[in-house]
Structures are given as structure tokens and as C-alpha cells.
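All heavy atoms count here, side chains included; hydrogens, waters and symmetry mates do not. Below, read A as the first sequence line, B as the second, and so on, with proteins coming before strands; counting in each chain starts at 1.
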There are 2 protein chains.
Amino acid sequence: MEFPGKAGGMDPEFDIKDVCPVIEVIDRISGKWSISVLVATAHGPVRFTELERQITGISRRMLTLTLRNLERDGLLTRTVYPTVPPRVEYAATGMARELYEHLAGFTSWAARHQGEIAAARTAYDAGRTAEPVPAPG
Amino acid sequence: MEFPGKAGGMDPEFDIKDVCPVIEVIDRISGKWSISVLVATAHGPVRFTELERQITGISRRMLTLTLRNLERDGLLTRTVYPTVPPRVEYAATGMARELYEHLAGFTSWAARHQGEIAAARTAYDAGRTAEPVPAPG
DNA sequence: CAGTATCCCTGCGGATACTG
DNA sequence: CAGTATCCGCAGGGATACTG
């Protein structure tokens, strides 16, 4: 997604560059389908068509692109069996499964706060439409 | 980013919906500037212009949009002091700081594996350009 | 100071026909 | 089966002039 390289450093209390690696990670999983593919391959080798079926709504093109990107980053292995018809299997690497574990932390965060977030949204949206007219007369 | 709603469920060993909340989280921080803003506001109230200076490269428009989105999700509070000239301060909520903590896990992951990732990329890219000609003569 | 409004442009992602 | 090639639409994001 091409994030900013740095962001000033006038506050000695924290260095934004400490957080920069996160951006790299987000970059890697920010694609619309990356997480789904990561999840689908985390439990063992999966074939292309199986992924296509399992990940509802993904197009052939995007599946390929997502697969290639993850492979390039070393998160996926691609194994070709030179049979006919061809057989290709994708599997998450150890690194990817580690990443996958970290996702659990976010899942719990989301679960804990989803009500709060929904409420915040409702409140925000309500404020946006109602405030313009505080005193009609 | 509008992610897919679900993705099949033929494998009883895992349910992809367990991971769906992650997508919600990613959605919230997947913007190009969200993380930078989150980081910049995590340590206390910050003013608009200060953010603009601190986050190198961000445009006025994107800063505003990012701020509004985070505020809408309840991750940021916006406090207006009706002085002249106006003074507005943004601060991360508890929920946001919790999220911020989780980022640390990813940071360590990225730090541990950045060499491995770089190597994987180099290898992948090298393979892409060299393979077409395995035996010149 | 703290935004909003406007214009433009790039690249992600969707659909699908074609191929080794 | 497992892709690649091609075309296209749209939303995210950049730049900047204007305003309460």
C-alpha cells in the first residue's frame, strides 16, 4: 500500500520508527483476500481450485495475484506436481502460521469491542444528521 | 475495504468465521495513514496541525478523513476548545490504546522475520527473471 | 487554526476469454 | 487443472484553493 517512510521525531518519548515494521505487516495482509487465503492455507496444502471454491467471491485473477504476493513474501509455498492434469498445492510457511497466531489477538480485541465500536458509529452518525438543527425557533 | 462476508465451510477443523473479526480490525487500520495517526495520538492529545507536521507526507484531506473514520469507530476523541483561533485536540481512546498494544506483537513478528522476507523476495524475483533461460546452448 | 470543497489520477479489484 | 491476458470501473488518495 506504500506507507510513509517516517514521521518526524520531536517527541523523545516514542519513536514512530519502532512501529514502522507493523506497517510492513499490514501491507502484507491488507489486500482484500490475503487473510482469507492465509487462513485457508494455514491448516495444510490446498489446491488452486479448492481455494477458489472455499473463498467465496474471489475472482481467478485476484486469487492468483494474492497467491503470488504471499509466495513472494515467503508466506506461502507453491508445490507443482508435474502430472496431467497439473496439480499445484499451496501451504502456509512457519512464518505465516506465526503471523496467523497473532491474528488471534486481534480477533479477541474485535470481539471484546465490537459492541463499543457499533455504538460509537451509531452515535457519530446520529450526531452528523441531527445536530444541524438544535433550536428550530 | 469491504471484505468478503464468508468463505465456505467444508472443513470442520476450522471455521473461517472465527477469523472474520480480524478483517474488521484490518479494515479499521488498513488505510494508508490510520496507523500513523493512531501512533501519533496514542501518547496524549495532539492538535491538528501538529499531526500534519508529525506525519510526513500526509495531505490535509487525508488527515481529516483518517481522523473522522477513527473518531467514528470510537478509536479517537475529538475535543474542540471554542477559542479563537480554534483549538482541536485528538486523543486515542482506551480501546485504541489496547489495539495499539496488539500492534507490538506484529512489530516483533516483523522484526524477527524481516530478513527472511527480504530473502524470499530476492529469491522469488531472481527466479522470475532467470528461469526462462536454463540452458543457453 | 482547523478544517471543507474540488479536481484529478492511479492502482486495486471484478469479469471473463483464452491456453499449456 | 491452473493459471495468464485483457478490459474496465471505481474508490482511495494527492494537491490545493477556499472559509468560519
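- Shown here for Gly74(A) and Thr93(A), the closest heavy-atom pair between the two residues is O-OG1, 2.9 Å.
- Nearest to the side-chain atoms of Thr64(B) among the listed nucleotides dA2(D), dT4(C), dG14(C) stands dT4(C).
- Distance from the side chain of Pro86(A) is smallest for dC1(D) among the nucleotides dG14(D), dC1(D), dG14(C).
- Side-chain proximity of Arg47(A) to dA2(D), dG14(C), dA2(C): nearest is dA2(D).
- Taking atom CZ of Arg78(A) as the reference point, atom C1' of dA2(D) lies 8 Å away to the nearest angstrom.
- Across every non-hydrogen atom of Leu38(A) and Ala96(A), the tightest pair is CD1-CB, 4.4 Å.
- Atom CG in Asp27(B) sits roughly 15 Å away from atom P in dA11(D) (whole-Å rounding).
- The nearest whole Å value for the distance from the CG atom in Leu67(B) to the P atom in dG13(D) is 14 Å.
- Of the candidate nucleotides dG13(D), dG3(C), dG13(C), dG13(D) has the atom lying nearest to any side-chain atom of Met62(B).
- Counting heavy atoms from C-beta outward, Leu67(B) and Phe48(B) have side chains that approach closer than 4.5 Å.
- Both Arg60(B) and Pro85(A) lie near DNA chain D, and the one whose nearest nucleotide falls closer to the 5' end is Pro85(A).
- Residue Asn69(A) contributes atom CG, which lies 15 Å from atom P of dG11(C) at whole-angstrom precision.
- Across all strands shown, Thr49(A) has heavy atoms under 4.0 Å from sugar-phosphate atoms exclusively, and none from any base.
- Atom CZ of Arg53(A) and atom C1' of dC1(D) are 11 Å apart (whole Å).
- Across all strands shown, dA11(D) forms a Watson-Crick or G-U wobble pair with dT10(C), both key distances being under 3.5 Å.
- The distance between atom CG of Leu65(B) and atom P of dA5(C), rounded to the nearest whole Å, is 11 Å.
- At whole-Å resolution of the value, CD in Gln54(A) and C1' in dA2(D) are 17 Å apart.
- A salt bridge is absent between Arg78(A) and Glu89(A): the closest approach of a Lys/Arg side-chain nitrogen to an acidic carboxylate oxygen does not fall below 4.0 angstrom.
- Side-chain proximity of Lys32(A) to dA2(D), dG13(C), dA15(D): nearest is dG13(C).
- Within the 4.0 angstrom heavy-atom criterion, no nucleotide atom of any strand lies near Tyr81(B).
- In this structure, the CG atom of Leu51(B) is 9 Å from the P atom of dA2(C), given to the nearest Å.
- When heavy atoms are screened at a 4.0 angstrom cut-off, Arg61(A) is found touching base atoms of the nucleic acid.
- Remark: dT19(D) base-pairs with dA2(C); criterion is Watson-Crick or G-U wobble with both hydrogen-bond distances under 3.5 Å.
- In this structure, the nucleotide among dG3(C), dG3(D), dC1(D) sitting nearest to the side chain of Arg68(A) is dG3(D).
- Across all strands shown, Arg87(A) has heavy atoms under 4.0 Å from sugar-phosphate atoms exclusively, and none from any base.
- Checking dG3(C), dC1(D), dG14(C) against the side-chain heavy atoms of Tyr90(B) singles out dG3(C) as nearest.
- The pair Glu101(A)-Arg97(A) fails the salt-bridge criterion, with no side-chain N (NZ, NE, NH1 or NH2) lying under 4.0 Å from an Asp/Glu carboxylate O.
- Ring geometry for His102(B) versus Phe106(A): interplanar angle of 30 to 60°, hence tilted.
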